[in-house]
Novice: 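Attaching a single structure in structure tokens format; questions to follow.
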Amino acid sequence: HFTSLGWRKAALTVLLLVGVMVTAVTGVLDPAISIPVAAMLSILLGCVRIKDAYEAVNWQAVVTVAAMIPFGKALQETGAAGLFAQVSVALLQGFGPAVVMGAFLLLATVLTQFIENAAVAVILAPLAFQIAKETGVDPKPFLVGLGICISSAFCTPVAHESTILVMAPGRYQFKHYLRIGGVLALLTWLLATLITPLVWPFGR
């Protein structure tokens, strides 16, 4: 049961969350600013201890994303992204932009099952832009579809923090993730491939 102090801390935390949402919706503060400010205030107001906040950080994900950012930049600046885009488009030439995008999003869906989704986004975003450019279409459906497909991390326990957290309590095995998550990932990929171009057309 919560004590009066516990309820006070819970209320302060909810107010901070509401403040983040309100400032984001109204445009008063960018979430990149309001979220760190709310996090610092939650520590200063005693809602969470510094030790608990430190232990809650997924340092593996932080290091992975930090390492992948220069890698993704290198792909773009060295011309590797453009070369990959040219080869991909050449292999799928004649099938149309929908098939090219579908193949690209399938790659994103597979990679996100094994690599942190933010890192996959950093790696594949330059490729998405270059492939769309080589195909001669607007890159927006490629980038939006990429954002959707890298969120379909359902097939392996290491795909996302949430999947690994429920593994032990639920007594899940790898096959359980693949059996259920595989269907969900395929549905996500299929719907993203079919619906994204309808909302954001390929035409420039």
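For clarity, every value in this text was computed on a predicted model and none was experimentally measured.
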Novice: Can you list every pair that meets side chain to side chain donor-acceptor pair (under 3.5 Å) and has a residue in residues 13-26, with sequence neighbours left out?
Specialist: none
Novice: Is the shortest side-chain heavy-atom distance between Thr156 and Tyr177 below 4.5 Å?
Specialist: no
Novice: Looking at Val100, Leu124, Leu105, Leu127, which one forms a side-chain contact (heavy atoms from CB on, under 4.5 Å) with Phe142?
Specialist: Val100
Novice: Is the shortest side-chain heavy-atom distance between Pro139 and Lys133 below 4.5 Å?
Specialist: no
Novice: Applying side chain to side chain contact (heavy atoms under 4.5 Å, CB included), can you list everything that pairs with Leu15, at least two apart in sequence or on another chain?
Specialist: none
Novice: Verify side chain to side chain contact (heavy atoms under 4.5 Å, CB included) between Phe202 and Asp138, making sure each step is shown before the conclusion.
Specialist: CA-CA 5 Å; Phe202 288 119; Asp138 190 340; 5.8 Å; no
Novice: Could you note down all residue pairs passing salt bridge (charged side-chain N to carboxylate O under 4.0 Å, His left out) where residues 22-51 supplies at least one of them, sequence neighbours left out?
Specialist: Arg49-Asp52, Lys51-Glu55
Novice: If hydrophobic clusters are built by linking Ile, Leu, Val, Met, Phe, Trp and Tyr wherever their side-chain heavy atoms come under 4.5 Å apart, do Tyr172 and Leu178 end up in the same one?
Specialist: no
Novice: Short question: side chain of Ser152, backbone of Cys149 - any donor-acceptor pair under 3.5 Å?
Specialist: yes
Novice: Ile180: what forms a side chain to side chain contact (heavy atoms under 4.5 Å, CB included) with it, not counting sequence neighbours?
Specialist: Leu184
Novice: Examine Leu29 and Val20 and state if one hydrophobic cluster contains both, with Ile, Leu, Val, Met, Phe, Trp and Tyr joined whenever side-chain heavy atoms are less than 4.5 Å apart.
Specialist: no
Novice: List in chain and number order the residues that pass side chain to side chain contact (heavy atoms under 4.5 Å, CB included) with Leu12, two or more places apart in sequence or in another chain; answer none if no residue qualifies.
Specialist: Leu45, Cys47
Novice: In this structure, would Val99 and Met101 fall into the same cluster of hydrophobic residues linked by side-chain contacts under 4.5 Å?
Specialist: yes
Novice: Among residues at least two apart in sequence or on other chains, which ones pass side chain to side chain contact (heavy atoms under 4.5 Å, CB included) with Val14?
Specialist: Val18
Novice: Quick one: pull up CD1 in Ile35 and CE in Met21 and give me the separation to the nearest 0.5 Å.
Specialist: 11.0 Å
Novice: Under a 3.5 Å distance rule, please check whether Trp189 uses its side chain to pair with a backbone N or O of Gly102 as donor and acceptor.
Specialist: yes
Novice: In terms of hydrophobic clustering (I, L, V, M, F, W, Y; side-chain heavy atoms under 4.5 Å; direct or indirect links), are Phe174 and Val110 co-clustered?
Specialist: no
